[in-house]
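Below is one structure, written out as structure tokens; the observations come after it.
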Amino acid sequence: MILGCSFIFADAQAAVRFEATLGAEARKLWSDEGSKIRCRLNYDIPGYGYVSFTALAGREIKTSMGVHPKLGITANSLMRFIASRPEWQSGGRERQLGKIKLYSGYDAYAGPTLSFKVMNALNQGKQIFMPYTDKTVASGQNIVPVLSPLGFKEHYEKFISCQQQLLRVSFNDVQLLPLVFAFQSDKLTSKSERSLKEQLEYLQQDKSINHIVIRTFSYDMNSKDDCISMAKKRADAVKKYYVDAGFKDDDIELKQFNALTVQSFVEGQEADKDPTARNGLVQLNRDESDPRSLRDLDLPDVGAED
């Protein structure tokens with residue numbers, strides 16, 4: 001941590017700067033990690049906390065940036081993101097990339113627009129200053145975490161490469177999976193089988209999934225008993241996919257052909273060939289308190305405006 005005056009900011013307040021000293025160790029502060037559902041680029045800010053850039057799988061890849069101070073955010077404020085030539089280079093002007101509002105008790109998050117601006121500036125060799133005020137932590141002074149470009153490129157390239165391997169489905173995309181079976185059969189249609197396999201591929205990656213509910217129906221047989229029997233066969237057939245994928249019986253709940261459905265069936269009626277008469281639904285539940293659970297909500301593009 002370096003204490004000193006902040007010459008690049010318009011105000012004359014003293015600043016508490018958190019930044020790495022020059023040297024080989026500074027390059028080790030950047031790190032990356034990834035899977036098929038999440039890619040992450042991290043930077044440890046000495047004495048302060050860390051910043052993480054995250055890309056999540058989905059129909060559209062969601063990218064965000066989080067700022068996580070060890071002491072937390074204890075007052076409402078405004079954080080600015082300013083790109084500048086590093087101090088070991090001469091010349092150049094500072095440029096404000098964007099700003100976000102800070103709220104007491106919450107870490108700071110920025111959306112894809114500002115995230116990409118910050119990463120692009122770092123990739124060009126710029127350092128990033130992120131000044132804000134918090135009277136509880138540093139009364140009368142700006143708090144200035146600093147991102148260094150040293151060691152960034154190598155991990156940024158891995159971060160980009162990881163994004164290219166992300167699945168094109170998120171938890172929200174596969175949480176509720178409608179299925180259709182072949183007429184008077186426990187075999188899935190080819191389209192439903194593809195969708196189920198896509199969901200299973202996601203499940204292999206998201207370890208916070210802790211419960212699966214399978215609902216199956218049958219209106220396409222010629223008697224009530226046959227409908228009940230077929231609904232059970234369909235539930236068992238779908239369950240096998242999840243058991244083969246490594247889930248335990250206790251993790252899987254079957255709900256086939258409830259009492260209301262049975263009562264609505266008229267014995268001897270003509271078999272219904274409509275797809276809705278032979279459908280199913282798989283619902284995934286996950287432990288939101290699990291640290292592996294992803295923040296994949298559709299959040300606004302915070303910080304997009306300059």
How far apart are the C-alpha atoms of Y103 and I73, what are their side-chain angles, what is the distance that settles it, and do they pass the side chain to side chain contact (heavy atoms under 4.5 Å, CB included) test?
-> CA-CA 7 Å; Y103 299 96; I73 303 295; over 6 Å; no

[X]-[Y] co-clustered via ILVMFWY side chain contacts under 4.5 Å:
X: F247; Y: I214; result: yes
X: M119; Y: L166; result: no
X: Y241; Y: V243; result: yes
X: I143; Y: L71; result: yes
X: F171; Y: I252; result: yes

Got a donor-acceptor contact below 3.5 angstrom from the [X] side chain to the [Y] backbone?
X: Q184; Y: D220; result: yes
X: D44; Y: Y50; result: no
X: D173; Y: S170; result: yes
X: R234; Y: S185; result: yes
X: D287; Y: S208; result: no
X: S52; Y: N42; result: no
X: S77; Y: T133; result: yes
X: R278; Y: F181; result: yes
X: Q204; Y: A245; result: yes
X: D301; Y: T113; result: yes

Are [X] and [Y] side-chain neighbours, meaning at least one heavy-atom pair lies under 4.5 Å?
X: L29; Y: P46; result: yes
X: P69; Y: D107; result: yes
X: V118; Y: M130; result: no
X: P149; Y: Q127; result: yes
X: N210; Y: D251; result: no
X: P131; Y: I82; result: yes
X: E154; Y: R27; result: no

What pair of heavy atoms forms the shortest contact from [X] to [Y], and how long is it?
X: G49; Y: K70; answer: CA-CG, 3.9 Å
X: F129; Y: S84; answer: CE1-CB, 3.7 Å
X: A235; Y: L254; answer: O-CD2, 4.0 Å
X: I212; Y: L284; answer: CG1-CD2, 3.9 Å
X: G34; Y: C162; answer: CA-SG, 3.7 Å
X: I100; Y: A110; answer: CG2-CB, 4.2 Å

Given the rule in the salt bridge (Lys or Arg N to Asp or Glu O under 4.0 Å) test, do E201 and K197 qualify, once you have shown the distances and angles that lead to the verdict?
-> CA-CA 6 Å; E201 187 177 9; K197 289 180 178 178; over 6 Å; no

Find the distance between [atom1] ([X]) and [atom2] ([Y]) and round it off to the nearest 0.5 Å.
X: K101; Y: L78; atom1: NZ; atom2: CG; value: 8.5 Å
X: I61; Y: Q164; atom1: CD1; atom2: CD; value: 8.5 Å
X: Q205; Y: R38; atom1: CD; atom2: CZ; value: 11.0 Å
X: M79; Y: L114; atom1: CE; atom2: CG; value: 10.5 Å
X: Q163; Y: T54; atom1: CD; atom2: OG1; value: 10.0 Å
X: M230; Y: Y219; atom1: CE; atom2: OH; value: 15.5 Å

Between W30 and F152, what is the ring plane arrangement, given parallel below 30°, perpendicular above 60°, and tilted in between?
->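 Perpendicular.
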
Look at the rings of F18 and Y48 and say which category their plane angle falls in: under 30° parallel, 30 to 60° tilted, over 60° perpendicular.
->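 Ring orientation, 0 to 90° scale: tilted.
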
Hey, do the aromatic rings of Y109 and H68 have their centres closer than 6.0 Å?
->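 Between Y109 and H68, the centre distance is under 6.0 Å.
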
Starting from the C-alpha separation in whole Å, work towards a yes-or-no answer on side chain to side chain contact (heavy atoms under 4.5 Å, CB included) for R59 and V169.
-> CA-CA 5 Å; R59 310 294 183 195; V169 292; 3.3 Å; yes

Check the side chains of Y242 and Q199 for a donor-acceptor pair under 3.5 angstrom, ignoring hydrogens and angles.
->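 Indeed, the side chains of Q199 and Y242 share at least one donor-acceptor pair under 3.5 Å.
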
Do D32 and H155 have side-chain atoms, one donor and one acceptor, less than 3.5 Å apart?
->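 Indeed, the side chains of D32 and H155 share at least one donor-acceptor pair under 3.5 Å.
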
Partner of V67 by side chain to side chain contact (heavy atoms under 4.5 Å, CB included), out of L102, I45, V51 |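 It is V51, the one option of L102, I45, V51 that forms the side chain to side chain contact (heavy atoms under 4.5 Å, CB included) with V67.
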
Identified side chain to side chain contact (heavy atoms under 4.5 Å, CB included) counterpart of F81 within the set K117, Q96, K99, M65 |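 Looking at K117, Q96, K99, M65, the match for F81 under the side chain to side chain contact (heavy atoms under 4.5 Å, CB included) is M65.
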
So V180 and K191, side chain to side chain contact (heavy atoms under 4.5 Å, CB included) or not? Walk me through it.
-> CA-CA 8 Å; V180 177; K191 181 179 179 180; over 6 Å; no

So does E157 pair up with K153, basic N to acidic O under 4.0 Å?
->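 No.
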
Are any of the side-chain nitrogens in K240 or D236 under 4.0 Å away from the carboxylate oxygens of its partner?
->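 Between D236 and K240 there is no salt bridge, as every charged N stays at least 4.0 Å from the carboxylate O atoms.
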
Over 12 non-hydrogen atoms of neighbours within 6.0 angstrom of CD in E60 |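 Atom CD in E60 is not packed in, count stays at 12 or less.
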
Can Y156 and L41 be said to form a side chain to side chain contact (heavy atoms under 4.5 Å, CB included), step by step?
-> CA-CA 7 Å; Y156 179 59; L41 178 62; 4.2 Å; yes

